[in-house]
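One structure is given below, encoded as structure tokens.
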Amino acid sequence: MADKTILIVDDTPANIAAALAILKDQYRTKVATSGAKALEHARAGDKPDLILLDVTMPDMDGYEVCARLKADPETAAIPVVFLTARTEAEDEAKGFELGSVDYIHKPFNPTVVRARVQTHLLLRDTLKQIEERNAALDEKTRMLESLSVKLSKYLSPQVYSSIFAGSRDVELATERKRLTVFFSDIKDFVSTTADMQPEDLTAMLNRYFTAMSKIALAHGAHIDKFIGDAMLMFFGDPETKGVEEDARACVRMAAAMQRQMVELQQEWRASGFEQPFQMRIGINTGYCNVGNFGSEDRMDYTIIGAEVNLAARIQAAADPGGILISYPTWALVRDIVRAEERGSIAAKGIRREVGVFAVAGILDDRDPAPVVRP
């Protein structure tokens with residue numbers, strides 16, 4: 001430990017000489033003959049690694065020096081060892097109360113002094129290493145927290161929460177569940193946006209998706225993906241309130257989205273867009289495979305199955321600004337909606353024709369997502 005510096009604070013030359021004789025071969029040493037000088041050395045750029053401090057000194061005794069050292073953030077971490085002729089228990093107790101790490105009585109044994117100095121220097125080094133590791137861990141934790149927030153933008157809140165809570169494994173696995181599937185797109189999107197600048201189109205789509213996502217999350221939807229101007233969402237996994245309540249939440253969400261579209265259309269017209277977007281929505285309830293699809297290195301939490309295709313087919317048959325739902329969905333929500341029967345449609349991969357209903361309104365007002373204004 002030749003690189004360590006010991007500050008010896010004493011006003012008696014004989015005591016200083018004795019301490020120097022014990023320590024000078026193993027450590028760098030400095031001497032202060034008063035409390036004021038001791039504080040100067042302690043606050044200097046090359047601070048001591050440990051202070052051997054006498055109690056009885058003129059002007060400022062060792063107790064006051066110790067108290068000032070511990071009160072100053074710049075010097076509080078320096079270990080203080082009292083080296084004194086005071087042997088009363090209350091004197092020793094006072095030293096520890098003021099923050100010293102040890103109390104050695106004079107006359108002192110050289111072996112004891114060397115052993116205790118070495119021990120406290122080792123302890124200080126160990127504490128510094130722990131503090132540095134904790135600081136590094138804190139920084140790494142902050143980085144991971146920042147990274148997790150960024151990654152959460154690419155996952156639905158439900159999947160993100162279940163992964164970080166440890167309730168969902170990240171592995172290729174699927175389940176067959178009865179889900180309510182939501183599919184929407186913008187009518188005549190290509191022709192409507194053909195003459196728009198890419199920056200204007202991007203801003204409009206982001207505004208649209210942001211408003212719709214807020215409504216979706218307020219109703220508990222799992223936002224599967226955005227496909228160009230289309231949105232795929234579903235209810236029933238990874239969280240569910242039961243098939244019936246999932247379907248009702250989905251229909252309420254769709255109604256809230258169409259109300260939001262009215263607000264957005266007014267906003268877009270006011271900004272000079274002559275043909276505001278019109279959204280069509282299709283909803284279907286049925287059995288799908290849901291879970292992680294892909295490879296071991298890159299997977300996607302999504303749904304597949306004919307019932308998903310049917311939801312897309314129903315959406316294509318919906319009126320602009322309308323909501324079209326399948327018979328299985330209507331059967332689950334019929335007591336909360338006003339709906340008009342619209343016949344049947346067929347979809348690729350589904351052998352049967354499915355009756356559909358146009359939703360004209362919601363009979364209750366339990367909507368957790370008010371219109372989102374800019």
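Counting begins at 1 with the first residue of the sequence.
Note: Trp268 and Tyr208 have tilted aromatic rings, judged against thresholds of 30 and 60 degrees for the angle between ring planes. Using a 30° and 60° split on the angle between ring planes, Trp330 and Tyr327 fall in the tilted class, from 30° to 60°.
Residues Lys225 and Thr302 bring a donor and an acceptor atom of their side chains to less than 3.5 Å of each other. Side-chain atoms of Ser326 and Thr329 form a donor-acceptor pair, as typed in the model, at a separation below 3.5 Å.
Within 6.0 Å of the NZ atom in Lys37, the count of heavy atoms belonging to other residues, nucleotides or ligands does not exceed 12. Remark: Phe96 CZ is packed, more than 12 non-hydrogen atoms of other residues, nucleotides or ligands lying under 6.0 Å away.
Taking all atoms of both residues into account, the shortest heavy-atom contact from Ala32 to His41 is CB-CD2, 3.9 Å. For the residue pair Asp335 and Leu363, the shortest heavy atom distance occurs at O-CD1, 3.7 Å. Residues Cys288 and Glu307 come closest through the heavy atom pair SG-CB, 3.9 Å.
Separating the CG atom in Asn109 from the CZ atom in Arg114 is a distance of 8.5 Å, to the nearest 0.5 Å.
Residues Ile345 and Glu353 form no side-chain contact, since every pair of their non-hydrogen atoms from C-beta on lies 4.5 Å or further apart.
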Passes ring-ring contact (aromatic ring centres under 6.0 Å, His included), Phe182 versus Phe235? Steps please.
CA-CA 8 Å; Phe182 168 102; Phe235 288 76; 8.2 Å; no
